[in-house]
Amino acid sequence: MTPRVIIVGGGFGGLNAARALHSAPVNLTLIDKRNYHLFRPMLYQVATGLLSGDEIAGPLRSILSRQKNVDVLLDEVTGINSSERVVHLKQRDLPYDFLILATGIQYNYFGHDEWRKFAPGLESLDDADVIRGKILLAFERAEEMASSGQAASGEIERQLTFALVGAGTVGVEMASTLAEMSRMALAHDFRHIDPASARICLYEAAPRILPTFPEHLSMKALRHLESLGVRVYTKALVTSVDSAGIVVGGQRVPAATVLWGAGVVASPAGRWLNAPTDKSGKIIVAPDLSVPGHRDVFAIGDTAHIVACTRNLVGIKSRTPMVMPGVAQPAIQEGKYVANVIRRRVQGRQAPAPFWYWDKGDLAIVGRTYAVADLRFARFAGFPAWLVWAGVHIYFLIGFANRLFVLLQWGFAFLTQRRQVRVFSVERPSERNFIDPAA
Ligand SMILES: Cc1cc2nc3c(=O)[nH]c(=O)nc-3n(C[C@H](O)[C@H](O)[C@H](O)COP(=O)(O)OP(=O)(O)OC[C@H]3O[C@@H](n4cnc5c(N)ncnc54)[C@H](O)[C@@H]3O)c2cc1C
C-alpha cells in the first residue's frame, strides 16, 4: 500500500515539505485550518495599508494544484493518537504512516490571555485587517472629537497614541511604518487633527531593541526609529493592558491602540504527543527532526526546538551547534529535509546525515528605505540593507502576479508617499471586539 503522509500546517515548513515530496511514492494530505499560505514577513504592510492580503497570500489548493500526489484539506487538527496512528480533526480521524507537524506559533500574553482582546498580535490576515481597522479608526475618532469640540480632556491624545509592546522585528517594522504612515500617507486627509502629532511608542522589556541582531545594528535601528519620531522605551516591562491603555513601569499610559508583539509560544502539538518540549512549548526533536519515541512523526519550523550545526552564506561552518531561530529559513530547510528523510525511508534507502542549517542571516526593515542586515559575514544598515531586504522578500513571494503587484504597489507608495489600502469595516464582529472592547 502507498504510504500515507499527513502534513499539519501549510506555512513555510509544511508547504516546503509538501513540495519536496512531489515525486515521492506517497499519498500526501496537507491539512491547514486556513485555506491560504501566508507570507508573514510582509504582513505588517497589510496591517498598515500598503498592501492588500491577497498580494502576500495564496490559496494552498491552487499553489499545489499541479502536484498530483497531494490532497489539501481545510480543517483543524485537535489531537493525535500515536498508538493508533491517527490525527483527530474536528469531525473525524485520519490515519497516517508518516506525520509532519508544522503548526507554527501563537502570541504569548504571559498568562494574561485577557489582554489579547485589547492588544491584538499580528499573525494572520484577519489580524492584519483588524489592526488596520483599529489604527484607521483611532484617527477617525480623534478627527470626530476634534471637529465636535466635545472630547473629554486628554481623549484626543489617547486616540492618537499607539503603544506597541515588544521591539523584535515585528514591533520595529510596525512602529516605523506607523510613524511614516501618520507623517506622510495620512498627513493631508484630516481637517481638524494633525496625524503627524500621533505618538508612536515602542516598549521593550530587554535592554535593547532587535535583541537577536548585533548590538551596533540595533543601535543604528534605534537611531533611525527615533529620527522617524518613534518613542522607544527599553527595560520597560508592560504589566497591564486594558481598554484605556497600558501600565508600564508602574505608570499608566493612555492609548486607544495597543499592539502586541512581545513573545510567542509554540502551538499545542507537543501536548498532543506528550513529547518533551522547551519552555515555549516547542517539541525537542532528534537530529533527524523526528519526535523522540515517535520514529514516524516529525516536527519542524516554529513547532520544533532544533539544535543544529550551521554554515553561513559563504560556506563557513559554525564551531558549535545552535538553536534554530523562529524565522522562515529554518522552517523551509527543515521541511525539505524531512521530506528527504521520508522519501529515503519509503524507498528503503539509507537515512540522510543529520539536519544542518544554511544560515543566510537576518534582516529587519525600519521604515520605507532603511533596514539592518546581518548576513553573518557582512553586517550593514541603511538603503543598501533595504535593497537586500526588498530583493529577498520579493524573490520569496509566492507567484509571479503577486511579485509584480507588490513591486507596483511599492513603486506607487514610494513615489507618492501614500497608502493604497485605507478602507476598513467597522461592522465585523471580530473587529468591533478589538476596536472597542466596551461596545
Ligand atoms: C508578523 C510576522 C512577521 C514575521 N517576519 C519575518 C521575517 O521578516 N523574516 C522571517 O524569516 N520570519 C519572519 N517571521 C517568522 C516566520 O513567519 C515564521 O518563523 C515561519 O512562518 C515559521 O514557519 P512554520 O511553517 O513553522 O509555521 P507557520 O508559517 O506559522 O505555519 C503554520 C501553519 O499551521 C497552521 N495551523 C496551526 N495550527 C493548526 C491546526 N491545529 N490544524 C491545522 N492547521 C494548523 C496555520 O494556519 C499555519 O498556516 C514573522 C512572523 C510574524 C508573525
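Just follow the structure's listing: the first ligand is 1, and inside any ligand the first atom is 1.
Under the 4.0 angstrom criterion for non-hydrogen atoms, Asp75 is in contact with ligand 1. Ligand 1 has no atom lying under 4.0 Å from any heavy atom of Trp389. Ligand 1 does not have Thr169 within reach: every non-hydrogen atom of the residue lies 4.0 Å or more from it. The closest approach between any non-hydrogen atom of Ser267 and ligand 1 is not below 4.0 Å.
By the 3.5 Å distance cut-off applied to N or O atoms, Asp32 is counted among the residues near ligand 1. For Val170, no nitrogen or oxygen atom sits less than 3.5 Å from a nitrogen or oxygen atom of ligand 1, counting backbone and side chain alike. Residue-to-ligand polar distances keep Val8 apart from ligand 1: every N/O pair is separated by 3.5 Å or more. In terms of polar-atom proximity, Ala331 is not counted as a contact of ligand 1, lacking any N or O under 3.5 Å from an N or O of the ligand. In terms of N/O distances under 3.5 Å, ligand 1 is approached by Gly326.
Close approach to Gly9 involves these atoms of ligand 1, each under 4.0 Å from a residue heavy atom: 33 (C), 34 (O), 35 (C). Of all atoms in ligand 1, listed by their number and element, those nearer than 4.0 Å to a heavy atom of Gly301 are 26 (O). Against a heavy-atom cut-off of under 4.0 Å, Gly11 is close to the following atoms of ligand 1: 25 (O), 28 (P), 29 (O), 31 (O), 33 (C), 49 (O).
Taking the centre of each ring, Phe12 and Phe396 stay at or above the 6.0 Å mark.
Looking at Trp272, Phe12, Phe39 and measuring to atom 20 (C) of ligand 1, the nearest heavy atom belongs to Phe12. Of all the listed residues (His393, Lys282, Arg40), Arg40 holds the heavy atom that lies closest to atom 53 (C) of ligand 1.
Between the side chains of Ser124 and Asp126, no donor-acceptor pair of N or O atoms lies under 3.5 Å. Gln106 and Asn108 are not linked by any side-chain donor-acceptor pair at a separation below 3.5 angstrom, with hydrogens and angles left out of the test.
Residues Tyr370 and Trp386 are not in side-chain contact: their nearest non-hydrogen atoms beyond the backbone lie 4.5 Å or more apart. Side-chain contact check for Tyr36 versus Ser62: every heavy-atom pair is 4.5 Å or farther apart.
Within a 4.0 Å radius of atom 14 (N) of ligand 1, the protein has no heavy atom.
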